[in-house]
Chemist: 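Pasting a structure here, questions to come.
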Amino acid sequence: MKFWKRGLKSVVRRKGRSLILFLVMFILGNVIAGAVAIQQSTKNVEIETKKQLGAVATIDLDYERIRKEQEENPEIFESDDEWYIQPPLKELEAIGTLPYVKYFEYSIRSYLDVNKIESVTEGENRVANGAATKYAFSVKGVSRPEMADIEEGFIKLEDGSLFSDKDLSEGTNTIIISQEVAKLNNLSVGDQVVFDVTGEYYAMAENESEASSEEATSESGQPMGEPEIRTFDFPAKVIGIFSVIKKEATEEESENSSWMAKEQLSTIYAPNKLVQELQRQRAEKIYSQTAEEIASAEEVYQTTYVLKTIDDLEAFREEANALLTNDYYQVLASSDEYDQVASSMKKLGQISGYVVMIAVAAALLIISLIVLLFLRDRKHELGIYLSIGETRGKIIGQILVELLLISAIALLLSLVTGNLLADGISRSLFQMDWFTNPEQYSVRYYDGLMGNSHVSSDQVQEAYQVNFSLGYIVTYFLTGLGTVLLSAIVPLLYILRLNPKKIMM
């Protein structure tokens, strides 16, 4: 009789022993299946959520490092007043040439406080830079003809054209505004618009005797007089009109999305050089700064690196951080938000990984001992096979057939029950305080592409699903059957040492 047929008959004949081995494998299989299911589900949530957040990065201060070093060595920051200075533009552009980058854009940001040109964020909806103005606009500098906000689908050009290379290189007085702003001010493509840029100037008293004790004081304690309202005209030509592409927001995001949408509607796009000119004129005409003071002012850029794929993020982060000369700056990615809000989910994945390792180790030990004991009880049967000329290889094959058959049935059943077990345990853990504590993370908000995608802990939990997937089934069976085969090594060594003469005597 062929060895595999003997193995099948042996399973049926020895019902008691087969049942014991089946129950052990079924219990251990449930533990392994549940842990693998949780591990696969947490990985899937992380992958899908990070894809949703996008492969976008920027360069910003490493606030966590700064906080720690300020606590440990505060004197370093007292003696060094250049630690916060942004890396130079050449350095930022060098990072943009890395092979992982799809495109790089840098933007100079500014604002317009006016009285004659209406914005969507007027009154209580805007952050006022002074009490002398009714309306406020955000000004966003552009460095590429293909605007990033349009490429990534956050706004759509409805009329007119984008900036030309000449507009960007020369900083021509050209702007792109929203449909809402155009409608409020009866503007269309080709129209000239003059912004009455307004601000408050506080003249510093030349000496203390000129300032009474009732006068306002600056933050530095210097007395100030009544503010002087200053205005200058800043002309520009409308070359394009955009609309904001609205995306569905959860109830939790709706309030935040509302003010961000209004801010976007009152955003004016302009060449970076034109934004620089706006800032220069404001410094000179509103705040009476000298040419030397204006020239020495630090230029701040908002950088955006759109990567080719999310899989390149860590390699890009490593190489980009190596190019930064200021150690207090680092690469931040939009997907980093997942690591902040889903720390508990990551813990769950780590715990499930530990459970898999413990379950596998326990299975190796228990199955090895059970099979070894069963083989010792069958010593005379195995001796007969050897005495009639059966090779040890075929006997080992018979034992493996028995072991794998019982294990496969147990693993197949535990695949279903383990999946249900994992779902139940996960849902129970989600109700615990350590999983639902809203104070466990702090998220920084950015504008531009970095600020267009956000995720909350509730969204992460909603995205978590314990389902049957090809990856889950393959991983589970490889783990389970691999464990069974490894656990058979020691018992099979026992067969190799059998001496039929001694057994039959």
Side-chain angles (χ1 to χ4, degrees), residues 58 60 86 105-143 147-149 154-155 163 171-178 180-182 184-185 187 193-202 219 227-238 240 242 244 256 258-289 293-294 297-304 444-452:
T58 188
D60 200 0
Q86 190 180 45
E105 182 168 281
Y106 68 93
S107 175
I108 300 174
R109 305 302 174 89
S110 189
Y111 62 92
L112 285 170
D113 283 341
V114 298
N115 287 305
K116 296 179 181 178
I117 306 299
E118 292 187 45
S119 68
V120 179
T121 54
E122 88 274 8
E124 295 180 357
N125 293 322
R126 77 179 186 88
V127 178
N129 289 293
T133 56
K134 296 179 182 178
Y135 309 106
F137 292 91
S138 295
V139 183
K140 184 173 182 179
V142 176
S143 63
M147 291 167 53
D149 286 355
F154 297 114
I155 64 172
F163 300 107
T172 58
N173 284 42
T174 52
I175 59 173
I176 298 176
I177 61 176
S178 68
E180 287 73 11
V181 170
L184 283 171
N185 298 281
L187 295 171
V193 58
V194 179
F195 295 96
D196 57 320
V197 184
T198 305
E200 297 179 348
Y201 173 71
Y202 287 86
E219 292 182 0
E228 176 187 349
I229 308 302
R230 293 183 175 182
T231 302
F232 68 92
D233 290 339
F234 193 80
K237 179 182 178 181
V238 178
F242 70 86
V244 177
N256 183 50
S258 177
W259 72 261
M260 288 183 69
K262 287 184 177 180
E263 185 74 14
Q264 182 64 61
L265 293 175
S266 291
T267 295
I268 296 174
Y269 292 89
N272 274 327
K273 287 191 175 181
L274 182 61
V275 181
Q276 287 177 316
E277 177 61 19
L278 169 62
Q279 292 178 323
R280 188 195 68 76
Q281 290 192 32
R282 180 187 289 111
E284 177 187 346
K285 298 177 180 180
I286 300 293
Y287 302 117
S288 297
Q289 292 185 5
E293 290 174 326
I294 296 172
E298 179 193 358
E299 200 73 77
V300 179
Y301 304 97
Q302 175 73 52
T303 56
T304 301
R444 294 194 66 221
Y445 288 93
Y446 295 86
D447 55 4
L449 299 186
M450 283 286 290
N452 276 293

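A quick note: this is a predicted structure, and the numbers were derived from the prediction, not measured.
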Chemist: If only atom types and distance count, is the side chain of Asn173 paired as donor or acceptor with the main-chain N or O of Pro235 below 3.5 Å?
Modeler: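 Yes, the answer is positive, given that a donor and an acceptor are paired below the 3.5 Å cut-off.
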Chemist: At their closest point, which heavy atom of Ile108 faces which heavy atom of Asn272, and how far apart are they?
Modeler: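 Taking Ile108 first and Asn272 second, the nearest heavy atoms are N-OD1, 2.9 Å.
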Chemist: Given side-chain contact (heavy atoms from CB on, under 4.5 Å), test Leu274 with Ile175 step by step and report yes or no.
Modeler: CA-CA 9 Å; Leu274 182 61; Ile175 59 173; 4.3 Å; yes
Chemist: Can you check side-chain contact (heavy atoms from CB on, under 4.5 Å) on Thr198 and Ile229, steps first, answer last?
Modeler: CA-CA 7 Å; Thr198 305; Ile229 308 302; 3.7 Å; yes
Chemist: Take Val197 and Gln281 through the side-chain contact (heavy atoms from CB on, under 4.5 Å) test and state the conclusion after the steps.
Modeler: CA-CA 10 Å; Val197 184; Gln281 290 192 32; over 6 Å; no
Chemist: Is there a donor-acceptor contact under 3.5 Å from the side chain of Ser119 to the main chain of Ala136?
Modeler: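 Yes, Ser119 side chain to Ala136 backbone: donor-acceptor pair under 3.5 Å.
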Chemist: Gly171 and Lys273: which non-hydrogen atoms are nearest, and at how many Å?
Modeler: CA-CB, 3.6 Å
Chemist: Looking at Tyr111, is Arg282 sitting on its ring face, NZ or CZ under 6.0 Å from the six-membered ring centre and within 45 degrees of the normal?
Modeler: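 Ring-cation test returns yes.
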Chemist: Return the minimal non-hydrogen interatomic distance between Glu293 and Ser288, and the atom names on each side.
Modeler: OE1-O, 4.5 Å
Chemist: Using 0.5 Å steps for rounding, measure from the CZ atom of Phe137 to the CG atom of Leu112.
Modeler: 7.5 Å
Chemist: Would you confirm whether Gln276, through its side chain, and Pro271, through its main-chain N or O, come within 3.5 Å as a donor-acceptor pair?
Modeler: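 Not at all, since once roles are kept as given, no pair shorter than 3.5 Å links the two residues.
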Chemist: For residues Tyr287 and Glu200, report the shortest heavy-atom separation together with the two atoms involved.
Modeler: CE2-O, 3.7 Å
Chemist: Quick one: NZ on Lys140 to OG on Ser107, what's the gap to the nearest 0.5 Å?
Modeler: 6.0 Å
Chemist: Looking at every heavy atom in both Ser266 and Val120, which two are closest together, and how far apart are they?
Modeler: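 Closest approach of Ser266 to Val120: OG-N, 2.8 Å.
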Chemist: Hey, mind stepping through Leu278 and Phe195 against side-chain contact (heavy atoms from CB on, under 4.5 Å) and telling me if it holds?
Modeler: CA-CA 11 Å; Leu278 169 62; Phe195 295 96; over 6 Å; no
Chemist: Nearest 0.5 Å please: distance from the CD1 atom of Ile117 over to the CG atom of Leu184.
Modeler: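 If we round to the nearest 0.5 Å, Ile117:CD1 and Leu184:CG are 10.5 Å apart.
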Chemist: Do any N or O atoms from the side chain of Thr58 and from the backbone of Thr303 form a donor-acceptor pair under 3.5 angstrom?
Modeler: yes
Chemist: Output all residues satisfying ring-ring contact (aromatic ring centres under 6.0 Å, His included) with Tyr301, sequence neighbours left out; order by chain, then residue number.
Modeler: Tyr106
Chemist: Quick check for you: to the nearest 0.5 Å, what is the distance between Lys237 atom NZ and Thr172 atom OG1?
Modeler: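 One gets 9.0 Å once the value is rounded to the nearest 0.5 Å.
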Chemist: Give the minimum heavy-atom separation between Met147 and Glu105, together with the two atoms involved.
Modeler: CA-OE1, 4.0 Å
Chemist: Do side-chain atoms of Asn185 reach the backbone of Glu118 as a donor and acceptor pair under 3.5 angstrom?
Modeler: yes
Chemist: Could you grab the distance from atom CD1 of Ile177 to atom CZ of Phe242, nearest 0.5 Å is fine?
Modeler: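 One finds 8.5 Å between CD1 of Ile177 and CZ of Phe242.
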Chemist: Measure the CZ-CG distance between Phe234 and Asp196 for me, rounded to the nearest 0.5 Å.
Modeler: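 So the CZ of Phe234 and the CG of Asp196 are separated by 13.0 Å.
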